[in-house]
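For the single chain, residues carry numbers from 1 onward in sequence order. All of these numbers come straight from a predicted model, not from anything done at the bench. Note: hydrogens, waters and symmetry copies are ignored here, and every other heavy atom, side chains too, is used.
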Amino acid sequence: MTLTTPHLGNSQEWTDARLLYALEEVVEKELNRHLKVAKDWMPHEYVPWSDGRNFPGFFEDGEAWEKEQSKVTEIGRTALVVNLLTEDNLPSYHHEIATLFGRDGAWGTWVHRWTAEEGRHGIVMRDYLLASRAVDPDKLEAFRMAHMSEGFESDNRHSMLHSVAYVAFQELATRISHRNTGHQSGDPVCDRMLARIATDENLHMIFYRNLLKAAFEIAPDLTMQAVRDVVVNFRMPGHSIPGFERAAAQMAIGEVYNLRIHHDDVLQPVLRFLKIMEIDGLGPEGHKAQEELGMFMNGLDAEARTFDERLAARKARMAARGRV
């Protein structure tokens, strides 16, 4: 990869403005690649409209929601609500990345394109949930209002480089969460819809992952520190959703998203692609961050093994009780 901006040896010489300028060529390249491979799709084509009927309210024939009206599993319902409420905060996400990345040039084009693509996800998920009666619409709206009224501030809003590192992992985490939710939903229509969303999320991950790789080439020490910080302190963007802790625990047990999945299917693929532990020539701070990242990943793997054992024991107990 040829970059027009020279490598700056002193990490302190890098500012967000300089990094934005240095990476603009890469952003343009990745944007053009993305536009060639991304396929437009119509959200309404993935919604089972014929299953829909009126809810109580202004319609005299409105039928109250009941759990039994939908074929979606309990864990599928929980994960769908979390995933949709996370998507609902798109206005805040757009504000954050537009503020960090800007609205001009290739960066701005990407910001708006990403926002437009992400907008489809919330549209199709909400339409599916309401048409298929998968969730209580009153509770869903109450959750949405509570979640969005709290506002959203990224843990990485202080740094453009930290934000790029975060979304490289977060987009993959979102893809995995959507895909596993579809598998666990019990509804082939839902599975197909979430597979379509997951395809978008994967392309978004590739964009940011490749951008992060380019950042390592021009500012390796700062990028290594950013990756370490993001991996060690990683939280999904929906962590402020009302009842998130309980829902996350249910999703972990239901194998939608848990420590093992986070380690094996989200963190490791990106770190392997970047060959993070093979990067040499780092300064003292970069080398320290690399070592700390390696130690953290080893510790996380150990935690995941403990979780695996507990989950296996729980499955065994349920099987013994005839509940599997």
Side-chain angles (χ1 to χ4, degrees), residues 41-44 46-48 52 55 57 65 70 72 75-100 111-157 163 166-167 169-182 184-185 187 189-190 193-205 234-248 250-251 256-257:
W41 54 280
M42 303 298 121
H44 58 269
Y46 288 81
V47 179
F55 288 102
W65 180 83
S70 169
V72 170
I75 184 57
R77 182 176 296 109
T78 297
L80 279 163
V81 170
V82 169
N83 291 353
L84 174 56
L85 291 178
T86 300
E87 299 284 357
D88 272 335
N89 250 336
L90 181 60
S92 290
Y93 307 149
H94 173 84
H95 172 75
E96 292 238 343
I97 66 170
T99 300
L100 281 165
V111 165
H112 296 305
R113 174 71 189 197
W114 175 87
T115 302
E117 291 184 4
E118 288 287 342
R120 289 179 176 145
H121 304 168
I123 290 170
V124 72
M125 289 179 68
R126 176 168 282 98
D127 286 348
Y128 165 80
L129 291 175
L130 296 180
S132 68
R133 291 188 167 239
V135 300
D136 183 334
D138 293 340
K139 288 186 177 179
L140 180 64
E141 178 60 11
F143 279 145
R144 188 189 71 85
M145 287 296 294
H147 181 42
M148 294 192 70
S149 295
E150 287 292 316
F152 173 82
E153 287 189 336
S154 169
D155 295 332
N156 303 287
R157 61 190 180 278
S163 295
Y166 175 74
V167 289
F169 295 102
Q170 180 265 318
E171 292 282 5
L172 182 53
T174 303
R175 173 205 168 213
I176 295 296
S177 181
H178 282 313
R179 202 68 192 93
N180 288 344
T181 298
Q184 301 288 355
S185 69
D187 182 7
V189 174
C190 179
M193 171 194 67
L194 291 176
R196 177 58 262 188
I197 292 175
T199 298
D200 281 359
E201 303 289 9
N202 195 61
L203 291 178
H204 297 165
M205 178 276 294
F234 186 88
R235 296 195 296 176
M236 289 295 276
H239 61 82
S240 61
I241 292 172
F244 178 79
E245 296 287 342
R246 183 170 183 272
Q250 293 171 335
M251 290 168 68
V256 171
Y257 201 95

Residues, nucleotides or ligands: over 12 heavy atoms within 6.0 Å of Glu141 CD: yes

Heavy-atom closest contact (Leu84 atom, Gly122 atom, distance): CD1-O, 3.7 Å

Rounded distance (nearest 0.5 Å) linking atom CZ of Arg246 with atom CD1 of Ile241: 14.5 Å

Main-chain N/O of Ser154 paired to Glu96 side chain as donor or acceptor, under 3.5 Å: yes

Between CG on residue Leu172 and OG on residue Ser177, distance to nearest 0.5 Å: 11.0 Å

Rounded distance [0.5 Å steps], CD in Gln184 versus CG in Leu80: 11.5 Å

NZ or CZ of Arg157 within 45° of Tyr166 ring axis and under 6.0 Å: no

Distance (rounded to the nearest 0.5 Å) between Thr181 OG1 and Asn83 CG: 4.0 Å

Backbone N/O of Gly182 and side chain of Ser185: donor-acceptor pair under 3.5 Å: yes

Donor-acceptor contact below 3.5 Å, side chain Ser163 vs main chain Asn156: yes

Main-chain N/O of Arg196 paired to Trp41 side chain as donor or acceptor, under 3.5 Å: no

Residue pair Glu118 / His204, side-chain donor-acceptor N/O under 3.5 Å: yes

Gap between atom CD1 of Ile197 and atom CG of Asn202 - 0.5 Å precision: 14.0 Å

Stepwise salt bridge (charged side-chain N to carboxylate O under 4.0 Å, His left out) test for Arg113 and Glu117: CA-CA 6 Å; Arg113 174 71 189 197; Glu117 291 184 4; 2.5 Å; yes

Heavy atoms of other groups near His95 NE2, more than 12 under 6.0 Å: no

Sub-4.5 Å side-chain heavy-atom contact between Arg175 and Gln170: no

Sub-4.5 Å side-chain heavy-atom contact between Tyr128 and Asp187: yes

Residues Asp88, Arg126: salt bridge by 4.0 Å N-O rule: yes

Test item: Ser132 and Val189 side chains (from C-beta on) under 4.5 Å apart, heavy atoms: no

Arg133 side, atom CZ; Trp65 side, atom CH2 - distance, nearest 0.5 Å: 10.0 Å

CA sep, side-chain torsions, deciding dist, call: Glu171, Trp114, side chain to side chain contact (heavy atoms under 4.5 Å, CB included): CA-CA 11 Å; Glu171 292 282 5; Trp114 175 87; 2.8 Å; yes

Non-hydrogen side-chain atoms of Asn180 and Tyr257 separated by less than 4.5 Å: no

Distance-only side-chain donor-acceptor flag, His44 / Asp127, under 3.5 Å: no

Worked verdict on Tyr93 versus Phe152 for ring pair (Phe, Tyr, Trp, His ring centres under 6.0 Å): CA-CA 8 Å; Tyr93 307 149; Phe152 173 82; 5.0 Å; yes

Pair Thr174-Thr86, side chain to side chain contact (heavy atoms under 4.5 Å, CB included): steps then yes or no: CA-CA 9 Å; Thr174 303; Thr86 300; 5.8 Å; no

Glu150 and Pro242, any side-chain heavy atoms less than 4.5 Å apart: no

Short side-chain donor-acceptor distance under 3.5 Å, Glu201 and His121: yes

Backbone of Ala134 reached by a side-chain donor or acceptor of Arg77 within 3.5 Å: yes

Nearest heavy-atom neighbours spanning Val124 and Pro43: CG2-O, 3.3 Å

